[in-house]
Amino acid sequence: VNMKVKGIEVTDAQISAMIDAMASHFRASDVEAAAIKAGVPDADMIALRAADRLIQQRRKKGLIKIVGKGPYWTNQ
């Protein structure tokens, strides 16, 4: 499930770390922090964009949903 953000490859291991950060109740910033900790560059908003893409992919698959008007997400 590799992902590229601004020419930077986000590895499967980094994606797994971001998914692990999606606990029962989480914020996008939690997923971004997990990305940075896993080695996704913070510069040029790469980690932020990777986190946002992953959240949107999982939302479209029905795996997560936003709680109320946000900013929290939850697993389905």
Side-chain angles (χ1 to χ4, degrees):
V1 186
N2 285 350
M3 173 191 311
K4 274 197 174 182
V5 178
K6 294 187 175 184
I8 302 294
E9 177 135 355
V10 180
T11 67
D12 288 338
Q14 291 166 328
I15 291 170
S16 291
M18 289 189 286
I19 290 170
D20 289 346
M22 295 180 185
S24 61
H25 202 78
F26 65 93
R27 297 171 302 170
S29 61
D30 299 327
V31 180
E32 178 187 6
I36 293 166
K37 186 175 179 181
V40 178
D42 189 20
D44 210 14
M45 298 193 323
I46 292 171
L48 173 67
R49 291 187 64 185
D52 184 62
R53 280 192 198 170
L54 186 61
I55 288 169
Q56 294 310 320
Q57 287 172 3
R58 294 180 67 80
R59 180 190 59 81
K60 287 178 183 174
K61 290 180 182 176
L63 300 172
I64 61 173
K65 66 178 181 177
I66 199 153
V67 177
K69 293 183 180 179
Y72 290 96
W73 292 85
T74 186
N75 290 299
Q76 294 272 49

Give a yes or no on whether Trp73 and Leu48 share a hydrophobic cluster (residues Ile, Leu, Val, Met, Phe, Trp, Tyr; joining criterion: side-chain heavy atoms under 4.5 Å apart). no

Going by atom types alone, do Gln56 and Arg59 pair a side-chain donor with an acceptor below 3.5 Å? yes

When you group the ILVMFWY residues by side-chain heavy-atom contacts below 4.5 Å and let the links chain together, are Met3 and Met22 in the same group? yes

Once you round to the nearest 0.5 Å, how far does CD of Glu32 lie from CD1 of Ile55? 9.5 Å

Look at Asp30 together with Arg27 and state whether they make a salt bridge at an N to O cut-off of under 4.0 Å. yes

Is there a continuous path of hydrophobic side-chain contacts, each under 4.5 Å between heavy atoms, that joins Ile66 to Phe26? yes

Under the side chain to side chain contact (heavy atoms under 4.5 Å, CB included) test against Val10, which residue among Arg53, Met18, Arg49 passes? Met18

In this structure, CG of Leu63 is separated from CG of Asn75 (nearest 0.5 Å) by 8.0 Å

Using modelled atom types only, decide if a donor and an acceptor are shared between the side chain of Thr74 and the backbone of Ser24 within a distance under 3.5 Å. yes

Looking at Ala35, is its backbone amide N or carbonyl O close enough to the side chain of Gln14 to form a donor-acceptor pair, meaning the two atoms are under 3.5 Å apart? no

In terms of heavy-atom contacts, Ala51 and Val31 come closest through CB-CG1, 3.7 Å

Looking only at heavy atoms, the pair that brings Pro41 and Ile46 closest together is O-CB, 3.5 Å

Does Val40 share a hydrophobic cluster with Ile8, counting links as ILVMFWY side-chain heavy atoms below 4.5 Å and allowing steps through other members? yes

Looking at Lys6 and Asp44, would you say the former's side chain and the latter's main chain have a donor-acceptor pair under 3.5 Å? yes

Is there a side chain to side chain contact (heavy atoms under 4.5 Å, CB included) between Arg58 and Ile19 once you walk through the steps? CA-CA 9 Å; Arg58 294 180 67 80; Ile19 290 170; 3.8 Å; yes

